[in-house]
2 protein chains.
Amino acid sequence: MSTSPAPARRARRYDPGRRDRLVATTLDVIAENGVAAATHRAIARAADVPLGSLTYHFGSLTELLAAAFTRHVDTVAARFDQRMRAAPDRVAALEALVEHLTGDLLGSQRDLVLAIELYVAAARDPALRAVTQDWMSRSRRSLEHHLDPVTAREVDALVEGLVLHSALSTDPMDAVQIRSALHRLAG
Amino acid sequence: MSTSPAPARRARRYDPGRRDRLVATTLDVIAENGVAAATHRAIARAADVPLGSLTYHFGSLTELLAAAFTRHVDTVAARFDQRMRAAPDRVAALEALVEHLTGDLLGSQRDLVLAIELYVAAARDPALRAVTQDWMSRSRRSLEHHLDPVTAREVDALVEGLVLHSALSTDPMDAVQIRSALHRLAG
DNA sequence: ACCCCATGTGTACGGTTGTTCCTATGAGGT
DNA sequence: ACCTCATAGGAACAACCGTACACATGGGGT
């Protein structure tokens with residue numbers, strides 16, 4: 001009778017790096033079910049931590065969401081900048097962009113969803129808009145390695161539109177169409 | 001003592017067209033505070049009707065939101081198609097598009113917000129995605145009056161990106177830049 | 001004139017949310 | 001060995017939500 005008195009007592013203790021893990025889990029939850037479903041409880045469940053742990057590590061839910069999106073933007077922006085920087089010339093840069101779009105972005109449903117969800121969050125919460133703007137400016141700066149500022153801006157807008165279309169449309173553009181559009185705009 | 005027994009009793013009765021008014025009010029609330037804030041109670045307050053009236057006229061909140069977005073998309077799509085159809089040739093169509101963007105869309109914060117909020121709603125609710133897709137296909141068909149299908153599609157994506165940028169960015173593109181980008185893509 | 005039912009109205013319910021708060025615990029400095 | 005405080009843990013709260021429902025009311029067909 002007294003062998004197991006506590007009903008599945010949580011033994012977890014001393015969990016360094018939990019803060020980081022919470023940020024990562026938050027991204028997973030957003031990618032899986034959207035920002036709207038990224039509640040304290042859903043994240044706590046996914047990370048297998050008690051509810052109170054969230055508000056201990058992050059002052060508010062918005063703060064946690066901002067941390068998560070910031071991490072994601074950092075990852076994607078760094079990868080993108082590296083690709084653009086690695087291209088030897090304008091033509092190679094455009095091809096790298098096509099690859100980035102068709103391979104990484106439109107290929108992985110996860111990144112696509114996260115992009116849209118960031119727009120959603122930014123549209124709703126001014127505190128998160130800073131993250132979106134950071135993403136947009138970094139994206140533009142990466143493009144400017146091989147494109148003049150004006151063209152970079154136009155290409156950036158087109159890319160944003162392509163992502164949106166791909167996420168919400170039933171028949172997204174394929175690589176050939178995307179390459180053609182980019183070359184027409186920047187070629 | 002008995003002169004005013006009921007505390008501000010609502011005298012309203014017999015309100016034909018209330019259903020339509022609810023749809024219009026819903027759009028106002030969305031434009032003002034976003035889909036996230038478009039709750040039964042907020043809409044009821046804005047339309048000055050009791051809470052129960054909403055669920056009487058619309059089976060669910062999603063149904064009401066869909067009706068509102070549908071009305072908005074109908075309005076904008078009709079206006080846009082008329083503009084495109086009225087243009088005598090390709091060049092005039094592009095100029096009309098510039099006007100549509102700079103004048104109507106980017107000019108009125110309301111339409112801009114509603115566009116974004118529709119994306120938001122569509123991203124979250126599958127039932128609303130049909131409205132977004134309807135908008136996208138109608139928009140493309142309007143462009144096809146003077147543009148070949150491939151170009152129309154590319155322009156459509158660019159326009160969507162421009163709208164997104166304008167809504168979320170701090171320094172949106174001006175008419176000159178937009179015209180230049182469109183001509184490079186479709187000129 | 002009368003009745004019916006579409007419409008209007010107010011309230012209540014069950015559920016979920018963000019956040020607060022109190023208590024427990026053990027790793028690290030002394 | 002001991003004390004301390006950053007962290008872990010769980011319960012509670014007030015606010016809000018969508019929806020259901022019971023009841024009033026009067027316009028329009030008869």
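Letters A, B, ... mirror the listed sequences (proteins, then strands); counts begin at 1.
One atom, CG of B:Leu65, and another, P of D:dC17, lie 13 Å apart when rounded to the nearest Å. Rounded to whole angstrom, the span from the CG atom of A:Asp125 across to the P atom of C:dG18 amounts to 13 Å. Rounded to an integer number of Å, the gap from B:Arg45 CZ to C:dT9 P is 17 Å. Separating the CG atom of B:Leu51 from the C1' atom of D:dG18 is a distance of 9 Å, rounded to the nearest angstrom. At whole-Å resolution of the value, CG in B:Leu64 and P in D:dT19 are 10 Å apart. We find that CG of A:Asp48 is positioned 12 Å from C1' of D:dG9, with the value rounded to whole Å. In this entry the distance linking CZ of A:Arg19 with P of D:dA6 reads 15 Å, nearest Å. Spacing between atom CG of B:Asp15 and atom C1' of C:dT9 amounts to 13 Å, rounded to whole angstrom units.
Taking every side-chain heavy atom of A:Tyr14 into account, C:dG28 is the closest of C:dG8, C:dG28, C:dA12.
A pairwise comparison of heavy atoms in A:Asp111 and A:Ser108 identifies N-OG, 2.9 Å as the closest pair.
With sequence neighbours left out, A:Val98 forms a side chain to side chain contact (heavy atoms under 4.5 Å, CB included) with A:Glu95, A:Thr102, A:Arg179, A:Leu182. Residues forming a side chain to side chain contact (heavy atoms under 4.5 Å, CB included) with A:Gln177 (at least two apart in sequence, or on another chain): A:Met173, A:Asp174, B:Arg153. For B:Ala38, the side chain to side chain contact (heavy atoms under 4.5 Å, CB included) test picks out B:Val29, B:Ile30, B:Ile43, B:Leu65, with sequence neighbours left out.
In this structure, B:Asp74 pairs ionically with B:Arg138, as a charged nitrogen and a carboxylate oxygen lie closer than 4.0 Å. A salt bridge links A:Arg71 with A:Asp20: at least one charged nitrogen is closer than 4.0 Å to a carboxylate oxygen.
Listed by residue number, A:Thr55, A:Ser60, A:Leu61 are the residues of residues 53-62 of chain A with a heavy-atom contact under 4.0 Å to DNA chain C. Within residues 32-43 of chain B, the residues that have a heavy atom under 4.0 Å from DNA chain D are, in order of number, B:Thr39, B:His40, B:Arg41.
Without hydrogens or angle criteria, B:Gln133 side chain to A:Leu168 main chain gives a donor-acceptor distance under 3.5 Å.
In the displayed structure, B:Glu63 atom CD is contacted under 6.0 Å by more than 12 heavy atoms of other residues, nucleotides or ligands.
Among residues at least two apart or in separate chains, there is no salt bridge (Lys or Arg N to Asp or Glu O under 4.0 Å) pair with a member in residues 30-47 of chain B.
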